[in-house]
Amino acid sequence: MPELPEVETVRRSLEPLLVGRTISKVWRSPLALRREKPDTRLLAKTLQGARVERVERAGKYLLMRTTQGGALIHLGMSGQLTVEKSHTEIRPHTHVRLELSRGAELRYVDPRRFGLFRPYLPDAVPNEWSALGLDPLARSFTAAVLREQLLRTSRAIKLALLDQELIAGLGNIYVSEALFLASVHPALPAKTVTAAQAARLRDAIQDVLEQGIRNRGTSLSDYVDATGESGNNQDFLKVYGRDGKPCVTCGEPVRMVVMGARSTFFCARCQKRRG
DNA sequence: AGACAAGCCTGTCCGC
DNA sequence: TGCGGACAGGCTTGTC
């Protein structure tokens with residue numbers, strides 16, 4: 001379940017393996033990702049013979065910039081982007097292979113195909129990239145700006161925080177963690193958030209994301225970085241997946257409710273609708 | 001066997 | 001009636 005910390009960990013581990021390298025060969029499976037048919041010609045045009053210049057991240061998206069354009073990449077929920085030796089076994093559900101020099105290749109594997117690997121031409125910035133909301137790690141992500149965004153919607157705050165057009169990068173795991181850390185009830189209507197709650201939430205969001213990055217991501221099922229390594233952050237989660245177990249603060253059993261068809265974990269004693 | 005997990009898109013419905 | 005926002009449903013496969 002790659003969220004911002006996992007995607008950032010992939011970016012950091014990918015960058016030294018890719019930047020400056022030239023892509024000699026491009027292969028794409030015939031299977032569609034996120035309802036998009038593969039465009040092998042465009043992929044070859046933007047990647048084959050190109051040199052990788054940068055790997056950027058915004059929210060949960062990666063942008064691999066090359067001398068001929070590049071690719072917009074999203075890991076969906078089961079996507080893996082790894083650099084491996086060319087002679088190693090090709091795993092099932094491999095959708096993209098980019099041959100690099102020195103017998104290595106970049107592979108994109110995604111069993112559930114919720115992800116995205118879309119080539120783009122130079123100067124054609126993908127729509128998804130520009131539609132993203134606030135960057136929660138930026139200096140400009142202040143309590144006031146966060147509150148301003150939240151006041152615009154009547155949805156429960158948990159659902160609002162998952163909206164990538166409001167804040168880019170939070171997913172189901174880190175949202176539960178941030179709300180717990182900020183002592184805010186997930187069902188609180190976003191438009192009623194107080195200045196004090198917004199201030200706690202701002203800090204909590206940054207704390208959980210930065211901790212996630214320090215621990216190299218949360219590996220609950222299949223998440224790995226570009227070298228195939230799992231993360232450690234699953235050992236530090238305070239509420240997510242701890243249904244029925246005692247709250248680390250007060251001992252009350254952690255509760256699970258379904259919001260927006262997704263499980264939400266919280267402590268009914270520590271997380272209040274008021275204040 | 002069937003429910004479930006997840007992110008994001010799309011189609012539909014609701015209220016102003 | 002029109003509009004935007006909210007929300008349910010669909011996609012997908014491995015795992016329990």
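Note on naming: letters A, B, ... go to the chains in the order of the sequence lines (proteins, then strands), and numbering restarts at 1 for each one.
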Below 4.0 Å: OP1/OP2 of B/dG7 and any side-chain N or O of A/H74: no
When you check the phosphate oxygens OP1 and OP2 of B/dG7, does a side-chain N or O of A/Q164 lie under 4.0 Å from one of them? no
Stepwise, does the side chain to side chain contact (heavy atoms under 4.5 Å, CB included) test hold for A/Y174 with A/L162? CA-CA 10 Å; A/Y174 291 94; A/L162 282 174; over 6 Å; no
Distance check needed: [N] [atom2] versus [X] [atom1], whole Å only.
X: A/E36; N: B/dC9; atom1: CD; atom2: C1'; value: 11 Å
X: A/R113; N: B/dC9; atom1: CZ; atom2: P; value: 17 Å
X: A/L132; N: B/dG7; atom1: CG; atom2: C1'; value: 13 Å
X: A/L31; N: C/dC11; atom1: CG; atom2: P; value: 16 Å
X: A/D163; N: C/dG4; atom1: CG; atom2: P; value: 16 Å
X: A/M256; N: B/dA3; atom1: CE; atom2: P; value: 16 Å
X: A/L162; N: C/dG5; atom1: CG; atom2: C1'; value: 17 Å
X: A/L116; N: C/dT12; atom1: CG; atom2: C1'; value: 15 Å

Residue pairs, two or more places apart or on separate chains, that pass salt bridge (charged side-chain N to carboxylate O under 4.0 Å, His left out) and touch residues 184-194 of chain A: none
Pairs touching residues 58-79 of chain A that satisfy salt bridge (charged side-chain N to carboxylate O under 4.0 Å, His left out), sequence neighbours left out: A/E56-A/R65
Does the side chain of A/L209 come within less than 4.5 Å of A/P136's, by heavy atoms? yes
Are a donor atom and an acceptor atom from the side chains of A/N233 and A/Q211 found within less than 3.5 Å of each other? yes
State plainly whether the residues [X] and [Y] are in salt-bridge range, i.e. N to O under 4.0 Å.
X: A/E148; Y: A/R152; answer: no
X: A/R107; Y: A/E105; answer: yes
X: A/E8; Y: A/R12; answer: yes

Count the heavy atoms of every other residue, nucleotide or ligand shown that sit under 6.0 Å from CZ of A/R34, and state whether that count exceeds 12. yes
If you check the A/R34 side chain, which of B/dG7, B/dC8, B/dA5 turns out closest? B/dC8
Where the side chain of A/F114 is concerned, which of C/dC11, B/dA5, B/dC9 is the nearest nucleotide? C/dC11
Can you label the angle between the A/Y61 ring and the A/H74 ring as parallel, tilted or perpendicular, going by 30° and 60°? perpendicular
Report all side-chain donor-acceptor pairs from residues 115-122 of chain A shorter than 3.5 Å, counting only partners two or more places apart or in another chain.
unit_1: A/R118; atom_1: NE; unit_2: A/E36; atom_2: OE1; d: 3.3
unit_1: A/R118; atom_1: NE; unit_2: A/E36; atom_2: OE2; d: 3.0
unit_1: A/R118; atom_1: NH1; unit_2: A/E128; atom_2: OE1; d: 3.1
unit_1: A/R118; atom_1: NH2; unit_2: A/E36; atom_2: OE2; d: 2.9
unit_1: A/R118; atom_1: NH2; unit_2: A/E128; atom_2: OE2; d: 2.7

Identify the pairs formed between an N or O of the protein and an N or O of nucleotides 14-16 of chain B at a distance under 3.5 Å, and give each distance.
none

List, with names and distances, any nitrogen or oxygen atoms from the protein found under 3.5 Å away from nitrogen or oxygen atoms belonging to nucleotides 14-16 of chain C.
unit_1: C/dG14; atom_1: OP1; unit_2: A/H93; atom_2: NE2; d: 2.6

Just checking A/Y223: base, sugar-phosphate only, or nothing, at a heavy-atom cut-off of under 4.0 Å? nothing
Touch class at under 4.0 angstrom, heavy-atom based, for A/S263 against every strand present: sugar-phosphate
Approximate separation, where rounding is to 0.5 Å, of A/R147 CZ and A/L201 CG: 12.0 Å
What does the list of N/O pairs under 3.5 Å between the protein and nucleotides 6-10 of chain C look like, with a distance for each?
unit_1: C/dA6; atom_1: OP1; unit_2: A/T153; atom_2: OG1; d: 2.9
unit_1: C/dA6; atom_1: OP1; unit_2: A/S154; atom_2: N; d: 2.8
unit_1: C/dA6; atom_1: OP1; unit_2: A/S154; atom_2: OG; d: 3.0
unit_1: C/dA6; atom_1: OP2; unit_2: A/T153; atom_2: OG1; d: 3.2

